[in-house]
Amino acid sequence: MFGLKFRLLVGIAALGLIAGCGASEFPDTVKAGGTVTYNGEAVADAVVTFSPTGVENAHAASGTTDSSGKFTMTSFVAGDGAVVGNYAVSISKTEGGTVELETGAAATESDEDIDAAYAALDEAGGAEGLAKAGGAAKDLLPAKYKSASNSGLTADVTADGPNDFTFELTD
């Protein structure tokens with residue numbers, strides 16, 4: 001029927017497909033996280049972002065602090081950490097940014113409901129009205145920490161770890 005060479009070739013091709021399907025498309029990551037405090041107090045619900053500073057490390061990572069100010073970084077899959085490399089760090093915490101608009105429509109998301117929401121926004125005064133209604137986000141940490149390029153915060157994620165960073169924010 002089929003020659004030995006043909007069966008061997010099919011077997012090698014099948015092994016290649018199996019090996020290829022199991023490989024991750026993402027770069028390797030290492031566990032990384034830490035703690036954020038502001039004026040000595042733990043900061044809950046802050047977003048910590050690691051922005052790569054080297055060309056070899058083109059993947060950002062982020063995490064959100066819990067009630068004790070602790071965070072775990074995520075690059076691709078929840079809690080996977082960060083790619084080894086150097087990062088500039090930004091930390092932000094805001095409140096607001098959402099407003100309930102009365103549209104008279106049911107809580108479905110049909111085109112008519114969306115149109116009604118935009119009409120209500122226009123009636124409220126557009127973006128300016130949104131801000132007056134409490135829809136503008138308010139920073140709860142000093143603005144300098146919101147930008148990785150201005151924060152002065154850095155993180156060097158290493159393969160050997162422990163990659164446990166403490167960021168002590170002040171006014």
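All residue numbers refer to positions in the sequence shown, counting from 1.
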Minimum heavy-atom separation for [X] to [Y], with atom names?
X	Y	answer
S90	S147	CB-C, 3.9 Å
A42	G69	CB-N, 3.9 Å
A46	I91	CB-CG2, 4.0 Å

Rounded distance [0.5 Å steps], [atom1] in [X] versus [atom2] in [Y]:
X	Y	atom1	atom2	result
N86	F50	CG	CZ	11.5 Å
E168	N39	CD	CG	11.0 Å
T94	D45	OG1	CG	10.0 Å
L153	T49	CG	OG1	11.5 Å

Does the side chain of [X] reach to within under 4.5 Å of the side chain of [Y], using non-hydrogen atoms?
X	Y	result
V48	V89	yes
Y87	P52	yes
P142	Y38	yes

Are any side-chain N or O atoms of T65 and backbone N or O atoms of V43, one a donor and one an acceptor, separated by less than 3.5 Å? yes

Has K31 got a side-chain atom pairing as donor or acceptor with P162's backbone, closer than 3.5 angstrom? no

Apply side chain to side chain contact (heavy atoms under 4.5 Å, CB included) to residues Y145 and K93 and explain how you reach the verdict. CA-CA 10 Å; Y145 296 114; K93 179 177 178 177; over 6 Å; no

Determine, using the 4.5 Å side-chain heavy-atom cutoff (strictly less than), whether F165 and V47 are members of one ILVMFWY cluster. no

Joint cluster assignment, F76 & V84, ILVMFWY side-chain distance < 4.5 Å: yes

Can you tell which of V83, V157, D80 makes a side-chain contact (heavy atoms from CB on, under 4.5 Å) with V30? V157

For D139, does the CG atom sit with more than 12 other heavy atoms under 6.0 Å from it, leaving out its own atoms? yes

May I ask you to decide if the ring planes of F71 and F167 are parallel, tilted or perpendicular, using 30° and 60° as cut-offs? parallel

K70 and T35: side chain donor to acceptor below 3.5 Å: yes

List the steps, then state whether side chain to side chain contact (heavy atoms under 4.5 Å, CB included) holds for V36 with L169. CA-CA 7 Å; V36 176; L169 313 182; 3.9 Å; yes

